[in-house]
Amino acid sequence: MSNRDLIIFMTLSFMWSLSFIFYRIGVPEFGSLAFASLRVVFAGLVMLVFVLISPKNRAGIRDNWKVLTLVGMFSAAIPFILFAFSARSVNAGVLAVLNASVPMMSGFIASTFFKDRLSKKQILGLIIGVVGVIILMSESLFGSQSAASDSSLLPMGYALLACVGYAVGANITRNYLYDVSPVAITAGSLIIASIIMLPIAVYEFPYGKTISLTAWASVICIGVFSTAIALIFMNQLIKSIGPMRATSITLVIPIFAIILGYLLLGEALDTPAIIGSMVILFGTYLSLELSIKKMLKS
């Protein structure tokens, strides 16, 4: 991984971590489905600008619209809907844990269906990363207020299915859209997903309810920054370092989410969070096959 890819990786981790803050602010006022749908719609509107100003992007979308439809469904529309249902009864911390299963699923799909072999170091790094996430969220998972109760097993299943969607979408992007620019991939998939989600946004919108400016800012920011721009970066990473290593970003997201929650929402920063974060960073270092010596030389 080059220094440029590493900078994109960490920037993207931060941008996606902000989505947890935006959800905490906006979902109580909009509702889960309306918020998730508006997120995709705003992202699609942003990417429409890129299509209108670039003939190359239009050509890329026109020539690959069938595959882009699959990417839009698996990487945006379906996961966002599933996470919206899951978020009704599963807290954001546990959702971050479940979301961290994406690289394992992506690696399995890549090695099983696309002959993308993983090194022993990568496999060990992913396992260590998942262990770190479990430590990081241990109190949420195993405490007295456990979110893994019987009543939340089905919603947690929704979240895991959403992660399967992310993993499938990443592998489709890497193997079938390798000659399409990241901007065209993001624009095509999000515009298609926004068309699919628009009726849901219209139906679920809380008409007659006063929505605060803060809530509107949260849904716009999550659509523009944590979806549209973030997915451009993500598609660039997938093309550059592969779907398994790119989706390893979900192992780092809980670290940023906990720090942001502590700074912005006053959430507790406990010992498991600190230890788990350190373990995650080490696991990510191995799974990305980073080299400190090479980074210092480059």
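On a predicted model such as this, the values are computed, not experimentally measured, just so you know. Start at 1 with the first residue, then count along the sequence.
Within the structure, side-chain hydrogen bond (donor to acceptor under 3.5 Å, both in side chains) contacts touching residues 61-70 (residues at least two apart or in different chains) do not occur.
Closest of all the heavy-atom pairs between I109 and A167 is CD1-CB, 3.9 Å. Of all heavy-atom pairs between S189 and V71, the closest is CB-CG1, 3.8 Å. Shortest non-hydrogen contact noted between A76 and A193 is CB-CB, 3.9 Å. Scanning both residues, V41 and S194, for their nearest heavy atoms gives CA-CB, 3.8 Å. Closest of all the heavy-atom pairs between F30 and P206 is O-CD, 3.7 Å. Taking every heavy atom of both residues into account, S19 and S226 meet most closely at N-OG, 3.9 Å.
From S32, atom OG reaches atom CZ of F80 across 14.0 Å, with rounding to the nearest 0.5 Å. Between the CG atom of L45 and the CZ atom of F42 there is a distance of 7.0 Å, given to the nearest 0.5 Å. For the atom pair L237 CG and L231 CG, the distance stands at 11.5 Å (nearest 0.5 Å). Taken from CG in L18 to OG in S218, the straight-line distance is 11.5 Å, to the nearest 0.5 Å.
Looking at residues two or more places apart in sequence or on another chain, you find no ring-ring contact (aromatic ring centres under 6.0 Å, His included) involving Y203. Scored by the side chain to side chain contact (heavy atoms under 4.5 Å, CB included) test, A162 finds P79, L82, F83 as partners (sequence neighbours excluded). Under the rule for a side chain to side chain contact (heavy atoms under 4.5 Å, CB included), the partners of S181 that lie at least two apart in sequence or sit in another chain are N57, V183, A184. Shown here are the side chain to side chain donor-acceptor pair (under 3.5 Å) partners of S240, two or more places apart in sequence or in another chain: D5. Residues that satisfy the side chain to side chain donor-acceptor pair (under 3.5 Å) test with T227, not counting sequence neighbours, are R39. Scanning for ring-ring contact (aromatic ring centres under 6.0 Å, His included) contacts around F74 gives an empty result, with sequence neighbours left out. Partners of F35 by ring-ring contact (aromatic ring centres under 6.0 Å, His included), not counting sequence neighbours, listed by chain and number: Y23. The side chain to side chain donor-acceptor pair (under 3.5 Å) search around T186 returns N235, not counting sequence neighbours. Taking F233 as the reference, I8, T11, L12, M15, I229 meet the side chain to side chain contact (heavy atoms under 4.5 Å, CB included) condition, with sequence neighbours excluded. With sequence neighbours excluded, the residues forming a side chain to side chain donor-acceptor pair (under 3.5 Å) with S212 are E29, listed by chain and number.
Annotation for F14: atom CZ does not count as buried by contact number, only 12 or fewer foreign heavy atoms lying within 6.0 Å. When the shell of 6.0 Å around OH of Y176 is examined, it contains 12 or fewer heavy atoms from other residues, nucleotides or ligands.
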Using a 3.5 Å cut-off and no angle test, enumerate the donor-acceptor pairs between side-chain atoms of residues 46-53 and protein atoms at least two apart in sequence or in another chain.
none

Apply side-chain contact (heavy atoms from CB on, under 4.5 Å) to the pair R4 and Q236, showing each step before the final yes or no.
CA-CA 11 Å; R4 177 175 177 272; Q236 176 61 51; 4.1 Å; yes
Should W16 and M234 be marked as a side-chain contact (heavy atoms from CB on, under 4.5 Å) after you check the CA-CA gap, both sets of side-chain angles, and the distance that decides it?
CA-CA 10 Å; W16 267 341; M234 184 61 178; 3.6 Å; yes
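Within the 4.5 Å cutoff, the side chain of N171 has heavy atoms near those of the S106 side chain. Proximity of I200 to I81: side-chain heavy atoms (C-beta onward) are separated by under 4.5 Å at one or more points.
The backbone N or O of V202 lies less than 3.5 Å from a partner atom in the side chain of Y207, making a donor-acceptor pair.
A single hydrophobic cluster is seen to contain both I232 and M10, as judged by linkage of ILVMFWY side chains at heavy-atom distances under 4.5 Å, directly or through other members.
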